Chemist: 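A single structure is presented below for examination.
Chain A is the first sequence line, chain B the second, and so forth, proteins listed ahead of strands; every chain is numbered from 1. In this text, all values refer to a predicted model and were calculated from it rather than measured experimentally.
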Amino acid sequence: MIALADCNNFYVSCERVFRPSLEGRPVIVLSNNDGCAVARSNEAKELGISMGVPYHQVKKLCERNGVTVLSSNYELYGDMSRRVVSVLSRFAPEMEVYSIDESFLNFDGVESPLDLSRRIRETVGLWTGIPISIGLGPTKTLSKLANRLSKKDAAGCLEIRETDLEVLAKVEVEDIWGVGRRLGVRLRRIGVRNALGFVEAPASAIRSVGGVTLERTQRELCGLRCIGMEEVPQPKKNTCSSRSFGKPVTELEDLEEAVANYAVKAGGKVRKEESFASGIQVFLATNRFSENLPQYANSRTLAFDEPTDDPIRIVTNAKILLRSIYRQGFAYKKAGVILLDLVSSKRSQGLLFEEHGSENRRRFVRSMEQVVATYGPNAGFLGAQGINRSWSMKRKSRTPRYTTSWEELPVVG
DNA sequence: TCTGGGGTCCTAGGACCC
DNA sequence: TCTGGGGTCCTAGGACCC
């Protein structure tokens with residue numbers, strides 16, 4: 001038996017832990033740049049605010065109904081997520097952290113999985129303040145399905161088996177894990193409307209619609225385990241840092257600043273993972289929603305002669321790539337840096353005849369990181385990253401970083 | 001006016017090899 | 001008139017997930 005523990009309306013729930021007055025009231029959390037609604041309390045869902053809707057489309061509705069609108073506070077959510085995970089890990093020897101708000105737990109051999117789930121749910125709620133739901137099933141895909149159904153159940157814990165045909169018949173085909181909008185359309189076209197139809201369709205038909213991946217999903221729904229638990233997260237193959245700009249950017253100098261910042265950030269992630277990047281890609285794009293403005297998007301890739309984690313090399317190359325794809329006369333909305341083909345820093349192939357990256361350089365980078373970790377991001381940065389950063393994103397109503405910043409601790413009494 | 005960010009996997013097609 | 005067979009590697013694009 002596999003359990004999927006999923007935090008309810010996670011970002012909203014995190015905010016409510018520190019502002020209990022938001023309990024029972026409509027709340028939404030916005031994506032970066034205060035762009036879209038990415039988390040909604042049940043009350044907000046009832047008002048008809050859908051997942052991912054652009055905020056400007058529901059702003060009036062929010063104002064009319066007294067919805068509390070918050071910018072995202074990823075530092076807080078990340079820390080709360082770690083707390084939830086640490087509680088969950090007490091209950092299952094084998095566990096996979098699947099996303100910021102979901103974990104799979106292996107319940108093989110557990111005598112009464114539902115009882116255990118209820119205990120876990122209670123403990124997480126008590127110790128972290130975050131409400132969770134738990135779905136149980138013989139495979140990951142079935143536990144995902146059970147979890148979805150458990151959200152509607154007041155008890156918050158639900159078990160499903162591949163033999164529960166009448167339950168499967170009630171699940172829309174798009175609600176299956178691994179079936180998105182496109183595959184949903186194509187499946188409906190061949191007459192598959194719900195999970196029962198999906199299970200009963202011939203494997204060859206499923207395969208012709210969605211390849212081996214979708215056939216695997218079908219087997220999983222039939223109770224056959226095809227997707228295993230991944231206790232140790234696989235090392236990342238790529239890492240990306242990108243942002244939409246707070247306002248359109250036209251000048252190369254501004255783009256260079258922005259791209260330098262993304263490059264430094266992506267480099268930081270790579271160093272943290274103890275990896276080196278083998279290549280780098282820079283991309284930029286105008287606002288694809290502004291149909292009447294001239295559109296342009298491009299990207300360019302370059303392979304490092306030797307895998308690296310050196311921010312100065314990364315920034316230098318990012319700027320070279322940017323200049324090669326930049327074209328004047330466009331209002332750019334977004335740019336980003338992707339570091340490609342990450343390899344372990346311990347097993348990286350060096351150059352045969354020369355040596356890159358002096359020990360001095362490495363010490364310099366480490367010192368910079370320590371300065372920033374202690375005194376904040378403005379205490380030390382590369383000149384290329386710029387000072388004014390007029391392009392930086394909007395985030396109007398971010399709550400304090402209650403749990404990760406001494407300056408922003410909640411005040412009691 | 002205003003529309004997120006960060007990933008993975010699979011497949012088809014082209015370039016190239018012998 | 002007739003124009004092979006069997007590979008690998010890389011990339012772009014499309015699908016999905018949260």
Chemist: If you take all heavy atoms of A:Ile130 and A:Val124, which pair is closest and at what distance?
Modeler: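 Closest heavy-atom pair between A:Ile130 and A:Val124: O-CG1, 3.6 Å.
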
Chemist: Provide the distance between the two C1' atoms, one in B:dC17 and one in C:dG4, to the nearest whole Å.
Modeler: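 So the two C1' atoms sit 15 Å from each other.
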
Chemist: Applying salt bridge (Lys or Arg N to Asp or Glu O under 4.0 Å) to A:Lys236 and A:Glu273, what does each step give before you reach the verdict?
Modeler: CA-CA 8 Å; A:Lys236 271 198 209 119; A:Glu273 286 232 336; 3.8 Å; yes

Chemist: So what does A:Gln234 hit on the nucleic acid, given a heavy-atom distance under 4.0 Å: a base, only sugar-phosphate, or nothing?
Modeler: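 The residue A:Gln234 makes no contact with any strand.
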
Chemist: Send over the distance from A:Glu220 CD to C:dC17 P, rounded to a whole Å.
Modeler: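 So the CD-P distance, A:Glu220 to C:dC17, works out to 14 Å.
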
Chemist: Describe the nucleic acid contact of A:Lys247 in one word from base, sugar-phosphate, nothing, applying a heavy-atom distance below 4.0 Å.
Modeler: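 Here A:Lys247 touches no strand at all.
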
Chemist: What nucleic acid atoms does A:Val179 come within less than 4.0 Å of, heavy atoms only: base, sugar-phosphate, or nothing?
Modeler: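 If one applies the 4.0 Å heavy-atom cut-off, A:Val179 turns out to touch the sugar-phosphate alone, with no base involved.
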
Chemist: What distance separates A:Ile134 CD1 from A:Asp6 CG, expressed to the nearest 0.5 Å?
Modeler: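 Atom-to-atom, A:Ile134:CD1 and A:Asp6:CG are 10.0 Å apart.
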
Chemist: What integer distance in Å separates A:Glu230:CD from C:dC17:P?
Modeler: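 So the CD-P distance, A:Glu230 to C:dC17, works out to 17 Å.
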
Chemist: Mind calculating the distance between CG (A:Leu214) and C1' (C:dA15) to the nearest angstrom?
Modeler: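 These atoms are roughly 10 Å apart.
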
Chemist: Between the side chains of A:Arg219 and A:Glu215, is the shortest nitrogen-to-carboxylate-oxygen separation below 4.0 Å, so that they form an ion pair?
Modeler: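 Salt bridge present between A:Glu215 and A:Arg219.
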
Chemist: Nearest whole angstrom, please: distance from the P of C:dC18 to the CG of A:Asn8.
Modeler: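 Going from A:Asn8 (CG) to C:dC18 (P), I get 15 Å.
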
Chemist: Each nucleotide in nucleotides 1-13 of chain B should get exactly one letter: B, S or -. Can you fill that in based on protein heavy atoms under 4.0 Å?
Modeler: -BBSSSSSSSS--

Chemist: Under 4.0 Å between a side-chain nitrogen and a carboxylate oxygen: does that hold for A:Asp34 and A:Arg398?
Modeler: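 No.
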
Chemist: Who is the Watson-Crick or G-U wobble partner of B:dC18, with both distances under 3.5 Å?
Modeler: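 Check on B:dC18: paired to C:dG5, both distances under 3.5 Å.
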
Chemist: Using a 4.0 Å heavy-atom cut-off across all strands, classify A:Ile176 as base, sugar-phosphate, or nothing.
Modeler: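 Here A:Ile176 touches the backbone only, sparing every base.
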
Chemist: Angle class for the A:Phe18/A:Tyr402 ring planes (parallel below 30°, perpendicular above 60°, tilted otherwise)?
Modeler: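 A:Phe18 vs A:Tyr402 ring planes: parallel.
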
Chemist: Could you tell me if the side chain of A:Asn32 sits less than 4.5 Å from the side chain of A:Tyr74, heavy atoms only?
Modeler: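 Counting from C-beta outward, A:Tyr74 and A:Asn32 do come under 4.5 Å.
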
Chemist: If I take atom CD1 in residue A:Ile206 and atom P in nucleotide C:dA15, what distance separates them, rounded to the nearest angstrom?
Modeler: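 Going from A:Ile206 (CD1) to C:dA15 (P), I get 16 Å.
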
